[in-house]
Amino acid sequence: MSAMEAISPAQPFERHTLGDQVYAHIRRLLISGSLAPGDRMSLRQLADVLGVSMMPVREAVSRLVADRAIEVTPNRALRVPVMRRRQFEEIAVIRSEIEGLAAEMAARNRNEAQRAAIHAAERRFKALSEDDGPDLPAAVAANQAFHFAVYEASGLPDLVEIIGGLWLKVGPVINLDLRENPERLRAGSAAPLHAAAVAAIAAGDGRAARAAIAADILGAAEFILSRGRLPD
């Protein structure tokens, strides 16, 4: 799938909130790994593929550049940044602390509906990870749904926003890797850690929930780094 094919929306955007919708759409694609590190595009291409005028695209891209989720090359092309190994390692450590905190707070603050949503997301990811021919895009979506179900249950919207900003930077790496590599699912480390987090959150054990989510993040980072595809 080309970058432009990945960008195409399922339905036309509503006119009155185009800038916000274009921003949210491209943001979701980056977080999910639908856009890969190094993918290039232009304002005109984006406008054509999304079926909107240049103005909302320009507005959305300006925000994404400010987020450091898209960069402008010397020839004025737009590009998904290529993350270097050291930056990825740094963000993995930061994520383990911040997302671990969110899991700890979820264990303290979650309600029954949130606990059920977390459990359902965990079961969905587990089922996909055990499939002999897993639907990798679905596994990416299930993994993301699980993590953010946990984080939303923290009751701390500003913390969830910070976490979203971190995923915006690393999503093209972590989720593209999962999307392309069934062996990462078959390695079997994520599903047991998700289950441990669910059990800890259900029991109100914040320390155990934090440890499980942190281990999940660092384990995935170690797997990606071991493949040696990130530049120094």
Side-chain angles (χ1 to χ4, degrees), residues 30-33 69 83-111 114-126 128-130 139-179 181 183-230:
L30 290 162
I31 288 174
S32 70
M83 182 166 287
R84 297 192 175 277
R85 184 183 182 93
R86 183 173 178 180
Q87 183 186 11
F88 182 77
E89 291 173 330
E90 177 183 350
I91 293 179
V93 172
I94 294 169
R95 287 184 59 221
S96 71
E97 293 293 330
I98 292 178
E99 295 174 41
L101 171 62
E104 180 177 345
M105 298 306 296
R108 298 180 185 178
N109 298 333
R110 58 87 182 164
N111 58 37
Q114 290 167 331
R115 186 208 63 76
I118 292 167
H119 182 65
E122 181 265 328
R123 297 299 297 174
R124 171 66 173 156
F125 181 80
K126 183 175 186 291
L128 288 163
S129 70
E130 293 174 345
V140 167
N143 181 63
Q144 184 180 334
F146 167 75
H147 278 271
F148 278 89
V150 171
Y151 306 150
E152 292 287 350
S154 71
L156 300 172
D158 286 343
L159 182 58
V160 176
E161 184 177 349
I162 291 169
I163 291 170
L166 292 171
W167 277 62
L168 186 59
K169 292 179 180 179
V170 298
V173 176
I174 59 175
N175 287 323
L176 179 67
D177 183 84
L178 178 57
R179 188 184 297 268
N181 293 287
E183 64 268 24
R184 187 167 147 203
L185 276 179
R186 297 189 187 110
S189 60
L193 289 169
H194 288 188
V198 169
I201 290 168
D205 188 342
R207 180 177 296 179
R210 180 173 191 147
I213 290 297
D216 181 34
I217 291 166
L218 294 175
E222 182 179 357
F223 181 92
I224 292 168
L225 289 167
S226 71
R227 300 181 66 237
R229 296 182 62 181
L230 297 180

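Residues take their numbers from the sequence shown, with the count starting at 1.
Nearest approach of Phe125 to Ala190, heavy atoms of both residues: CE2-CB, 3.8 Å. Listed here is the closest heavy atom pair of Ile201 and Arg110: O-NE, 3.3 Å. Across all non-hydrogen atoms, the minimal contact from Ala197 to Ile213 is CB-CD1, 4.0 Å. Nearest heavy-atom pair across Tyr151 and Val160 is O-CG2, 3.3 Å.
A salt bridge does not link Glu90 to Arg86: none of the charged side-chain nitrogens sits closer than 4.0 Å to a carboxylate oxygen. Under a 4.0 Å N-O distance rule, the pair Glu89/Arg84 does not qualify as a salt bridge.
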Assess the residue pair Glu97 and Arg210 against the criterion (side-chain contact (heavy atoms from CB on, under 4.5 Å)); give the C-alpha distance rounded to whole Å, side-chain angles, the decisive distance to 0.1 Å, and a yes or no.
CA-CA 8 Å; Glu97 293 293 330; Arg210 180 173 191 147; 3.3 Å; yes
Worked check of salt bridge (charged side-chain N to carboxylate O under 4.0 Å, His left out) between Glu122 and Lys126
CA-CA 6 Å; Glu122 181 265 328; Lys126 183 175 186 291; over 6 Å; no
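Looking only at side-chain heavy atoms (C-beta outward), Phe146 and Arg124 stay at 4.5 Å or farther from each other.
Met105 CE to Leu159 CG: the interatomic distance, rounded to the nearest 0.5 Å, is 8.5 Å.
Within 6.0 Å of atom CD in Glu222, 12 or fewer heavy atoms from other residues, nucleotides or ligands are found, so the atom counts as exposed in its surroundings.
A side-chain donor-acceptor contact under 3.5 Å links Asn109 to the backbone of Ser154. Side chain of Glu152 to main chain of Ala149: no donor-acceptor pair is present (N/O by atom type, distance under 3.5 Å, no hydrogens or angles).
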